[in-house]
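Letters go in sequence order (proteins before strands), and every chain restarts at 1.
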Amino acid sequence: MSLQILLNGISTGAVYSLIAIGFALVFNILKFSNFSHGATMTASAFIAYFLVASKGWGLAPTLLCSALSGAIIGLIGEFIGFRRILLNHSAPTYFFVSSITLGTLYEGLVTLKTGTNFYVYPNFFDVATVKIFDAVVSKENIIILAISAVALIILAFIIQKTSIGRQIRAVSFDRDTAKLMGINSTLIIQVVFAISGFFGGLAGCFLGIKFTLTSTLGSLVVKGFIASVIGGLGSLTGAVIGAMLLGIMEALFLSLWGSGWATIASFALMLVFLLVRPQGIAGSNVQEKA
Amino acid sequence: MKLFLYVLTQVCITLVSVCGIYILTGLTGMFSLGSAAFMAIGAYVSGLLVLKAGLNMYAAFAAAIIFSVGIGYVIGFPIVRLRRDYISLVTLGFGESIAQLILLLSQFTGGAFGLIGVPRRVNVWFTLISAVIVIAITAFFKTSKFGRQCIAVKSDELAAQAMGINASRVKMTAFLMSCALTSFAGCLYAFYVGYVGPTDFGWKKSADWVIMVFFGGVNSLTGSIFGGAFLTFLPQYMQALNKYRYIVYAVLVLIILNFKPNGVFGEWELSPRNLKRLFSPKKNRREDV
Amino acid sequence: MALLEIRHIYKNFGGLRAIDDFSLEANAGEIHGIIGPNGAGKTTIFNTITGVYHPDQGEVWLDGNNITKLPQYKITHMGIGRTFQNIRIFKGLTVEENVMCAFDPQSKYSIIGGILPTPNRIREERRGRELTRQYLDVVGMLGYKDEKPENLSYGNQRKVEIARALICKPKVLLLDEPAAGLTPTEVSELTDLIRKISADFGFAILLIEHRLDLVMSISDTIHVQNFGKTIASGTAKEVQNDPAVIEAYLGAEE
Amino acid sequence: MKKYLAMFLAAVCLFACFGVTAFADDPIVIGILQDTTGGTATLGKSVQKGVEDAIADINAAGGIGGKEVQFIEYDTAANVDTAIAAYIKAVTVDEVDFIIAPPIANIVNGLKAMTASFDVPMITLAVDPACYKDENGNIYSSLFCAQPSTTVQGTIMAEFALQNGFKNFGVFYTKDNSYSVALLNPFIDTVREKGGALEEANIIGYNSTETDISTLIKPLIDAGVDAIYCPNYTAPLVLIKKTCDQLGYTGAIITGLDGAPAFNTQVGADCSNVYYINNIDVYEEATEKMIEERCAEVGAPNKYFLGYDSMQMAAKIMEEVGTDAAAITEKLSSYSYEGMTGVISIDPETHMPVDGTPMFMYKYDNTTPVMLQKYPAE
């Protein structure tokens, strides 16, 4: 396992963690995996590309624009896709179906404007890589690592220490009782979707930089789903640990057995992991009582 | 007319797998993102058995279905033991692995080129009869003790266990039924189109089937069949507005999900009793089931 | 060897000791009341007997078989039916189908019968329907057989749960606060119903109930639980003036 | 009341599906079946524009035998089921006289079984020879290809690489893309026959869904190969080129048609180590003029010209034998046409252009394309 493979694994893991954070936030509060997150990422990456990147501004404005458009798309998504289902108290599987349909809707709108040819973000750095011993890491990966670490700390602070955080935790335990306690659940859910969209925008932009910007970029959301499950559904720190683990594991398997067997091996490992520890690394296993 | 027959065949094949998904997700509430992989297994195994081993078509179908149920049994073990939200993840991983296996065994499956030259012995009437038989089987399944137990497990697994229902076995039966039906759909597809491509069986296809069940009515077989037929007809007949096809499709489903949450048909089931009840005079009709 | 023998079971969740050395012996026809303040571990006892979870120590014997470690559905097959503290009816099924569900494990037809109308299936389904109607009649709910249970009143839902427990052909019936939320008339109806089924079917009944008037009137022996311990057990009169019971309920005398 | 509303809604939707499209009167109708949505839409749209421009030029010059040429566009959406539905609609409902089909092997493999039951002549640009034969090897009568096969392209690229002094080769191809797999063996066999070194370990396949290119391609760079053969679509190619630069790889990258321009602008860095093959000589004066005028936003100019030539060839044949399908297919199976992409002469055995069809090897000087060699050399 050479240093280069490890660094590749960590940088893939960093992007997966941004996706997984967005995932875990929504799962935490609504107990369902939001599959429209992938399309939110792609849409905000495209918006950032057209509004900012193609005009040659730097990386920071592009990232900001992508994150903000992600937040806005998250809010719109909450209103169109999930608000009424929430009010009707339908089964979680309804959220799942509406999140996939919402994803198809965003992807349709994006392909409408951009067709399906792909775009490439301009190179934000003249020297794109940094040498560590004999291994090479691109600057984007380092920034991704930094941002996801900082983001996690800020998020953990907000969730644990601030009043918004307490309200989010209250709503995630029980929406209706929280409402009875005077918490505006709908507003809190909107805030959570905005934060999740914010991270989705960031992840989408970095995916666009690391890989080319195509309308099917959103299908990587599946990796975020796997990472947030391994980490323990709903727990943020678990999601990031799960993402790192997934990234490094994939890089290791790829370097050992090549692409075909790597997918099968990671599926087998995930299966064993779930059977041994169903609640994930940091999840909690609540015994159902009659 | 020929186009209508072609689309009708596609609808029948989709309905066979939608019935499988109805039993798995509609009745038992288990959410699979890998059912399309069983369609792939059915298509490839039956195609190969006829092409390489010279078996007759019906024997190949039977063998392919039994093989898929066998694999379903193996992958079913973790599924029936895990929490509900993990099922979609395990089946997703399973589907991706099957897609990789198809590429890795390229000397048999033709790898990226797909399985070429499967004899086209299935016509529209064959698929129509198969769809009708499968719908009947699903209807009998729903009204049998197995159907009731599935709904009981979906509604409250712990209470079901308390009533002596072996929840794991019920979930396994439902899963194996869905494997059998989706692989049968795979066989029909292979012998109608004459070609099986490796990339047509991703998780999006399994998600489409689930959307069809929800669109029509998650608790009603009639609704799921309507959902399956309508959402298969729609894209084929919307060739004109091809760019907007996916947008219209998504908007339509979102409207139904938001404003008529349990689907176009809700709980309503096409049964003689309900029909009589629907068209009987207003005064003696109590709120129907 | 009594019909149902619970020998010194213990159960704790993390640090909390929910059941602290609980034992009980019950024979056919007897009615045992289990009372105690909220959080005394009453429902935990039911959950441990029926296999929702297994006791940390001790054993449960039914009709000479050790059912301590059996899975939940197997314990029910051995002959334990139960109702729930908060009603757990199967949504999406009518009242009749709800009760049929409890009969289904006993009906003998295979998956072939499941997908095709085989003679086996038709015979078993008819037998099931007759039995269900019979038990629904016992609890007086036959008129509502095609209704959706969620639309019924609280008392009626409770009766459906009882019918569902009866059809399991239990040797021991566990009733978990059947009178909770009922009007006084409904409580007296329920008391007669319990007496009737105990007389007609002759199985042992364990009854958790806060309504002391109901418990005292129909129970042969009463067990008083407090913080997981059995602080007293005996006939209604003995338990009523047992100092430990009074203290647990009314607080210590000045 | 709610139940009636649901029933009414269902009935309306089903009825709306059976609307019948209007029927065109008797001009020559061309069916353009291309992927205008989905993963390969860039190629599909380029072919579509090429065919439309050709029809415009033909109509400007008086149409075919005095008859006006019309076209109907169908989106095959990179999906076999949609492609078959579009094909059946074209041949039955709209009764087109000629079909230009997508350059995608999977789609053609799906369609060809259908062509046996309808004899409408069809030109496609899928370069994999297997697309034109059924399972026991005999050719589908009404199915033709107007682009040199992968065997031709793979061999030319291998010969070019050996002539230019590359010795130790690596291969990095997309396993789940039949175009990429079809270009594999011709290159490998020619290199090994003509003395190049290409170990089995240096042939690496990856999945289009995989993103960690650095880990996947590292073994090739560690093996110190002096040329990597990458027959992939343009999007992954840009990523591979960027990763190779990052990993400090200075050897050559040999690509298929997808290394052609727009690739250089999308990489946005020095592409001097990239060699690619193309059907057109961009510096030949007529082609250059046409590229300026018409290919401004065409994703793949070479596909544009292939579409253009296919339509012109079809028009020439229909000029001679009219629109009777059997006559067209019979004429087409040994026809030879001089177009923008050079002489296309169809080999009756394979229904594909004979091996002599010209192709051109290019290189980039920083980011401007330089035409190096014409195959077969005059």
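- Contact annotation: the side chain of D:Ile30 never approaches that of D:Val96 to less than 4.5 Å [non-hydrogen atoms, C-beta and beyond].
- Between chain B and the residues D:Val80, D:Ile84, D:Val181, the most heavy-atom pairs under 4.5 angstrom are made by D:Ile84.
- Only the side chain of B:Leu104 comes within less than 4.5 Å of a heavy atom in chain D; its backbone stays farther off.
- Between chain D and the residues B:Gly111, B:Gly197, B:Ala112, the most heavy-atom pairs under 4.5 angstrom are made by B:Ala112.
- B:Glu96 does not touch chain D: none of its heavy atoms, backbone or side chain, sits under 4.5 Å away.
- At a 4.5 Å heavy-atom cutoff, the contact between B:Val193 and chain D is made by backbone and side-chain atoms alike.
- Remark: aromatic rings of B:Phe94 and B:Phe38 are close, center separation under 6.0 Å.
- B:Arg120 forms no cation-pi arrangement with B:Phe191, by the criterion of a distance under 6.0 Å to the ring centre and an angle within 45° of the ring axis.
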Problem - Verdict with supporting geometry, D:Tyr233 and D:Tyr179, ring-ring contact (aromatic ring centres under 6.0 Å, His included) - result: CA-CA 9 Å; D:Tyr233 282 143; D:Tyr179 163 72; 5.7 Å; yes
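- Judged as a side-chain hydrogen bond (donor to acceptor under 3.5 Å, both in side chains), and not counting sequence neighbours, the contacts of D:Asn202 are D:Glu199.
- For a residue to count as touching a neighbouring chain, one of its non-hydrogen atoms must lie under 4.5 Å from one of that chain's; by this rule D:Asn177 touches chain B with the backbone only.
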